[in-house]
Structure formats: C-alpha cells, structure tokens
Amino acid sequence: MRLLETEFHVLGVLAPEPMHGYAIMQGVETVTGGTVTTSTLYAAIDRLVIEGHVEPAGEEVHSGRLRKLYRITDRGTALLSDAVAHQAKLVQQFRANLKASPAGGR
C-alpha cells in the first residue's frame, strides 16, 4: 500500500499510544510544522481503519467531550516501518545527489 503523506504522519503520531482525533491533529501539526484540515485528517484515519492499519481503541471524556480513541495495529506498525525505511533510503540517495551536484550541496 502506498501511504499518502497525511496517513504516514497519522501512523507516526499514533505509534507510541492511542489518541483521539484532536490529539492526532495536534501531533501531525507539530511534526509537519503546518496545519492539517479536519476533513483531511479524518479521511486519512478512515482510510487507515478500512485498510486495517488503525483501529478504534475505545472512548474517553476529554474536556467534557466524549472522544473516540484510535490506535495503530500490528499491520499499521509494519506499514509504518516499511515507509520509514523507504524514506530513509530516499534521504540517503538525495544527500548523495546533493554532494554530487555542481553546487556541492549548498
């Protein structure tokens, strides 16, 4: 499965512990330095749930509101691991390309 960027970020943020949607959004915004729309985030979560990479993990009351928790599955962890390894190879290749460039990586 090819991960979309938002899905990659959702899996990475969920890897350590279950979270509710708003906490996932905050985590994604932190790691990307940008913003993600609510519709984009929940569409990514829905796709990951359908594919079996994320699953509901119960509910909790947070700030007086009932929120659904999500957790990464073993299948999702394997997918994230593969995606991270792929990204690491790309970074290594691109660093080599920069060093070989006429500008010398500047």
Around atom CD of E5, are there more than 12 heavy atoms from other residues, nucleotides or ligands closer than 6.0 Å?
no
If you draw a 6.0 Å radius around CG in N97, do more than 12 non-hydrogen atoms from other residues or ligands fall strictly inside?
yes
Spatial distance of atom [atom1] ([X]) from atom [atom2] ([Y]) [nearest 0.5 Å]:
X: D46; Y: E51; atom1: CG; atom2: CD; answer: 12.0 Å
X: L3; Y: H9; atom1: CG; atom2: NE2; answer: 10.5 Å
X: T35; Y: E29; atom1: OG1; atom2: CD; answer: 6.0 Å
X: L79; Y: R75; atom1: CG; atom2: CZ; answer: 8.5 Å

Which residue in the set V54, L41, L69 passes side-chain contact (heavy atoms from CB on, under 4.5 Å) when paired with I24?
L41
Name every donor-acceptor pair, under 3.5 Å, that has one atom in a side chain of residues 10-21 and the other anywhere in the protein, sequence neighbours excluded.
{"from": "H20", "atom 1": "ND1", "to": "Y22", "atom 2": "N", "distance (Å)": "3.4"}
{"from": "H20", "atom 1": "ND1", "to": "A23", "atom 2": "N", "distance (Å)": "3.3"}

Ring pair (Phe, Tyr, Trp, His ring centres under 6.0 Å) pairs, two or more places apart, involving residues 70-98
none
Do any pairs count as a ring pair (Phe, Tyr, Trp, His ring centres under 6.0 Å) and have a residue in residues 29-50, sequence neighbours left out, and if so which ones?
none
Side-chain contact, heavy-atom cut-off 4.5 Å: H53 with I72?
no
Please answer whether the main-chain N or O of L90 pairs with a side-chain N or O of Q93 as donor and acceptor at a distance below 3.5 Å.
no
Any side-chain to backbone donor/acceptor pair from S81 onto A78? Under 3.5 Å, distance only.
no
With sequence neighbours excluded, tell me which residues meet side-chain contact (heavy atoms from CB on, under 4.5 Å) with T40.
T6, V36, T37
All salt bridge (Lys or Arg N to Asp or Glu O under 4.0 Å) counterparts of R71, not counting sequence neighbours:
E55
Can you give me every donor-acceptor pair (side chain of residues 57-65, partner residue at least two apart or in another chain, under 3.5 Å) with its distance?
none

